[in-house]
Structures are given as structure tokens and as C-alpha cells.
Amino acid sequence: MWASAVLLVLLGSFGANALDNGLARTPPMGWLAWERFRCNVNCTADPKNCVSEKLFMEMADRLVEDGYKDAGYEYVNIDDCWMAKQRDANNKLYADPERFPSGIKGLADYMHKKGLKLGIYLDYGTKTCGGYPGSLDYLELDAKTIADWGVDMLKMDGCYADVKTMKTGYPQMTKYLNATGRPILFSCSWPDYERGAGIPINYTLVAENCNIWRNYVDIQDSWQSVLSIIDYYAKEQDTLVPVAGPGNFNDPDMLIIGDFSLSVEQAKAQMAMWAILAAPLLMSNDLRTITPEYRDILLNKDVIAISQDNAGIMGKRVLQDGPLLPQFVEAWTRPLADKKYAALFYSRSIKQPLNTNVTMKDLGLPDYKKGYMVTDVYAGKKMGFFGEKDRLLVKVNPSGVVLIKAEP
Ligand code: GLA
């Protein structure tokens with residue numbers, strides 16, 4: 001009797017502390033300024049590309065008018081360098097008045113009128129990575145401030161901070177966000193900083209307090225960068241897959257599709273891999289100038305459906321370097337709702353397209369005896385029914401992917 005009462009009290013207090021916003025049941029989708037626009041604050045020299053309300057409004061217009069919103073991209077996220085250089089007389093943060101004349105509240109209203117959501121950036125330490133005011137000592141005030149403005153998502157970075165305190169500091173912020181009563185999707189950089197500092201990461205605690213979280217280094221505009229991120233998730237998959245699920249996702253960072261470096265093959269590969277990883281789909285690109293071939297990849301309904309599968313299970317690498325696949329080709333799978341699967345073949349070859357030839361059993365699909373109906377997702381074509389002995393033949397281009405969907 002007493003024991004169960006104590007348990008109830010404990011559970012109750014746990015419940016009050018954990019993140020309870022009901023958000024991110026599937027990986028969040030939207031746009032985030034950082035990778036493409038960085039800390040460009042010179043609106044005199046570069047009015048079209050500087051971090052200003054105009055940039056976010058223009059991206060919002062493109063999201064709505066060019067089909068992204070209908071495809072599911074709904075968050076428009078500000079990153080670093082939006083603030084005035086210091087807090088106001090009441091210690092409140094405010095946006096740089098020249099670059100954000102409507103203020104963040106005005107910008108949030110703009111997004112909400114269009115059926116979009118606004119995300120913002122804070123830093124847990126004394127300064128943001130770009131040198132703007134940090135939230136240390138002001139966590140509660142800043143949580144209230146962004147809630148009052150109508151912000152819908154918060155990325156909290158961890159520059160200029162004592163990483164050892166993050167295990168208590170980030171959960172503190174979770175409490176303050178809960179207390180505002182406004183559902184604010186919480187994106188935490190905390191585990192990435194612990195990884196960097198060599199501090200053991202408690203992913204159970206992270207998932208109790210954050211909707212999404214960065215695990216690894218920043219993405220840059222290069223295929224090498226995308227590859228190194230994919231490698232990290234493969235290496236850590238036994239730790240990372242179990243902590244992902246509706247409400248909680250690992251974040252391998254932004255989509256750089258439509259920027260300067262990725263070929264069309266590589267862009268398809270990033271999109272498919274992010275769908276397999278159940279990763280947030282936060283584009284960082286210039287939607288005003290993106291070319292149709294890249295836009296089509298970002299808007300591919302069937303790839304997005306895999307990303308947004310409501311079972312919310314993260315996929316993993318299942319085969320690599322023979323004997324079942326040619327050298328340089330690997331296979332990944334992600335379990336989907338209703339016993340379906342997505343599978344991806346990826347080639348690291350820098351030479352010619354390579355042929356693979358595997359059974360459903362080789363891929364580890366559990367119902368291989370009964371067989372699966374297989375679709376090539378990018379080709380938009382049924383490949384047929386594959387029973388126990390049938391081999392799936394696919395040709396994978398250098399740094400390209402073939403993404404399939406298998407239905408029992
Ligand atoms: C860190 C983050 C990036 C970005 C910059 C901004 O490097 O990991 O995603 O927010 O700070 O300064």
C-alpha cells in the first residue's frame with residue numbers, strides 16, 4: 001500500500017518533468033536556415049541572403065506556393081544570429097531590430113497565417129556558437145519569452161557551456177517549456193556535445209526530455225560530410241535505433257539537397273537514407289532558386305511516406321561488403337507499419353553501376369517464406385512478387401541508391 005503510494009508519487013513527479021508536448025509522432029519536416037545561410041548578418045551587402053525576417057518570409061512563401069507544405073514540410077526554423085547583441089533592460093531576448101523589424105512575434109504570426117510553424121534557436125551556454133546572448137541563468141525567462149511569441153519549435157545548442165551540467169540543465173529547460181503550456185517541439189544538441197566531450201550519453205534521459213536530438217557533427221555542403229554522418233549512424237546503430245520512436249528521433253542534421261555540392265544521385269541518396277533513418281527532414285537550401293530535379297526529390301511522396309511511417313521505427317544497415325552484395329554496396333532496412341519494410345541499397349563505388357542480387361531472406365525480412373510484393377520507390381514501378389527463392393536484381397549507381405518498399 002505504502003510502497004505503491006510512493007511509486008505513484010515518484011511516477012507523478014517523473015511525468016511532470018518529462019517532455020509532454022505530444023509532438024513529433026513522426027520525424028518533423030520543414031526548413032532550417034543554418035547550413036545554407038549561416039551567420040550572414042550583412043543585409044547591406046547581401047540583402048537577399050542575410051539572416052532577416054525577409055528571408056524566412058520568402059522561404060515560407062515558397063513552402064506554401066511550391067508544394068512543400070502540402071508534402072508535409074511545416075516548420076520554418078530560424079538558427080543562430082537572429083538576436084540583438086544583448087538582452088533588454090529586463091533581461092529579455094529580442095531580435096535584431098533592423099533585420100527583424102516585425103519581431104519574432106510578428107514572424108510567428110506570419111507563419112501561422114500561412115498554416116506553417118516557426119522554430120527558433122537558443123544556446124544553453126553563456127553565448128550562442130555565433131557569439132550572441134546565451135541562455136545560461138535565463139532558461140525559464142527564455143522559455144516564457146518564446147512561448148509568448150508563439151514559437152513552435154526550439155533548437156537548443158550547447159556552445160560556451162559546461163557540458164558536464166547538460167544532464168541536469170537540458171531537463172530543466174524541458175520543465176520550463178512544459179510549464180509554458182505551449183507545445184514546443186524540443187530539439188537538443190546535448191548528446192552531440194557529450195559525445196564531443198567524451199561524456200557517456202544516457203539516451204533514455206535524452207528521449208525523456210527532447211523530441212529530437214543531434215548526435216554528431218554539423219553537416220556541411222559536401223558528399224563527404226553526408227557520408228561521414230551515415231557512417232556514424234551505422235557504427236552506433238545498436239545504441240541509436242532503440243531510442244527512436246514516435247515522439248523521439250535521432251537527428252543526423254539538415255538535408256542539403258539543392259545546394260552546391262550534391263549530384264542528383266547523391267541527393268536521392270541523402271533523401272532515401274534520411275527516410276530510412278527516420279530522421280527529421282529539415283531542408284537547408286534556397287527554395288527561391290532550387291532547380292526542379294532537386295525539388296522533385298524533396299517532394300517525392302513515396303519517399304516521404306517511408307520517412308513519415310507512423311510506426312516511427314529507425315532503420316539500420318543489415319548487409320555490407322559481401323558475400324551477399326558486391327564490394328562497396330550496402331543494404332539498409334527499416335520496418336514500417338503493417339509488417340511492411342523499406343530497404344535501401346547504397347553504393348560507395350566511384351566506378352560503374354553495380355548489380356545486386358539478394359533474396360528477401362538475405363535482407364532479413366521476417367516474412368520471406370510467404371514473400372513480398374516489391375516496388376522500386378524512385379522509379380515508381382512494381383518489381384513483382386518475391387517468394388523465398390526469388391532474387392531481387394537491382395543496379396546501384398556510384399554514390400547512388402535504390403530504395404524499395406516490400407509489402408507482405
Ligand atoms: C552549431 C550547431 C549548428 C548551428 C551553429 C550555429 O555548430 O551544431 O547546427 O546551429 O552552431 O552557430
Side-chain angles (χ1 to χ4, degrees), residues 27-42 49-52 55-56 59 75-86 93 95-96 99-100 104 118-136 142 146 151-163 166 169-170 173 184-197 199 201 206 210-222 224-226 228-230 232-233 236 249-257 259 261 270 274 277 279-286:
M29 296 174 66
W31 185 90
L32 175 58
W34 182 255
E35 197 291 315
R36 180 64 182 76
F37 294 95
R38 307 283 167 157
C39 193
N40 177 356
V41 292
N42 193 340
N49 301 300
C50 64
V51 176
S52 68
L55 180 72
F56 295 97
M59 292 307 157
Y75 288 94
V76 179
N77 291 357
I78 304 171
D79 206 274
D80 204 349
C81 308
W82 61 271
M83 298 169 196
K85 278 284 185 185
Q86 55 273 319
L93 290 172
D96 180 285
R99 292 182 285 118
F100 292 85
I104 302 301
L118 183 71
I120 210 163
Y121 168 103
L122 297 174
D123 188 285
Y124 169 71
T126 53
K127 282 190 276 184
T128 73
C129 301
Y132 289 80
S135 293
L136 198 72
D142 292 353
I146 64 169
V151 164
D152 307 291
M153 175 162 172
L154 168 64
K155 168 175 171 179
M156 201 159 84
D157 211 340
C159 273
Y160 301 104
D162 178 357
V163 181
M166 288 184 179
Y170 271 83
M173 189 60 172
I184 298 177
L185 197 154
F186 193 22
S187 163
C188 301
S189 302
W190 158 26
D192 180 27
Y193 283 90
E194 291 190 330
R195 179 196 56 76
I199 295 173
I201 303 169
V206 172
C210 308
N211 294 112
I212 64 174
W213 50 82
R214 288 279 307 281
N215 312 81
Y216 193 56
V217 298
D218 291 3
I219 200 160
Q220 308 292 351
D221 197 352
S222 94
Q224 264 324 307
S225 163
V226 176
S228 75
I229 290 172
I230 293 170
Y232 179 80
Y233 285 81
E236 296 295 323
F249 296 100
N250 295 291
D251 179 8
D253 214 359
M254 293 157 270
L255 293 169
I256 56 164
I257 296 167
D259 291 327
S261 67
Q270 193 194 15
W274 263 231
L277 291 171
L281 300 180
L282 298 171
M283 310 178 278
S284 192
N285 50 14
D286 191 342

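As the structure lists them, so they are numbered: ligands from 1, and atoms in each ligand from 1.
Using modelled atom types, one finds a donor on one side chain and an acceptor on the other under 3.5 Å when comparing Tyr121 with Asp157. Between the side chains of Asn250 and Trp213, at least one donor N or O sits under 3.5 Å from an acceptor N or O.
Ring pair Phe56/Trp31 is perpendicular by interplanar angle, where above 60° counts as perpendicular and below 30° as parallel.
The shortest non-hydrogen separation linking Val217 to Ile229 is O-CD1, 4.3 Å.
Looking at Asp259, Asp253, Ile257 one by one, the single match for side-chain contact (heavy atoms from CB on, under 4.5 Å) with Leu255 turns out to be Ile257.
Both the sub-6.0 Å distance and the 45° axial angle are satisfied by Lys85 relative to the ring of Tyr132.
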One line per pair, note the atom names and distance for all nitrogen or oxygen contacts under 3.5 Å between ligand 1 and the protein.
unit_1, atom_1, unit_2, atom_2, d
ligand 1, 7 (O), Asp218, OD2, 2.6
ligand 1, 8 (O), Arg214, NH1, 3.3
ligand 1, 8 (O), Asp218, OD1, 2.6
ligand 1, 8 (O), Asp218, OD2, 3.4
ligand 1, 9 (O), Lys155, NZ, 2.7
ligand 1, 9 (O), Arg214, NH1, 3.3
ligand 1, 10 (O), Asp79, OD1, 2.6
ligand 1, 10 (O), Asp79, OD2, 3.4
ligand 1, 10 (O), Lys155, NZ, 3.0
ligand 1, 11 (O), Asp157, OD2, 2.8
ligand 1, 12 (O), Asp80, OD2, 2.7

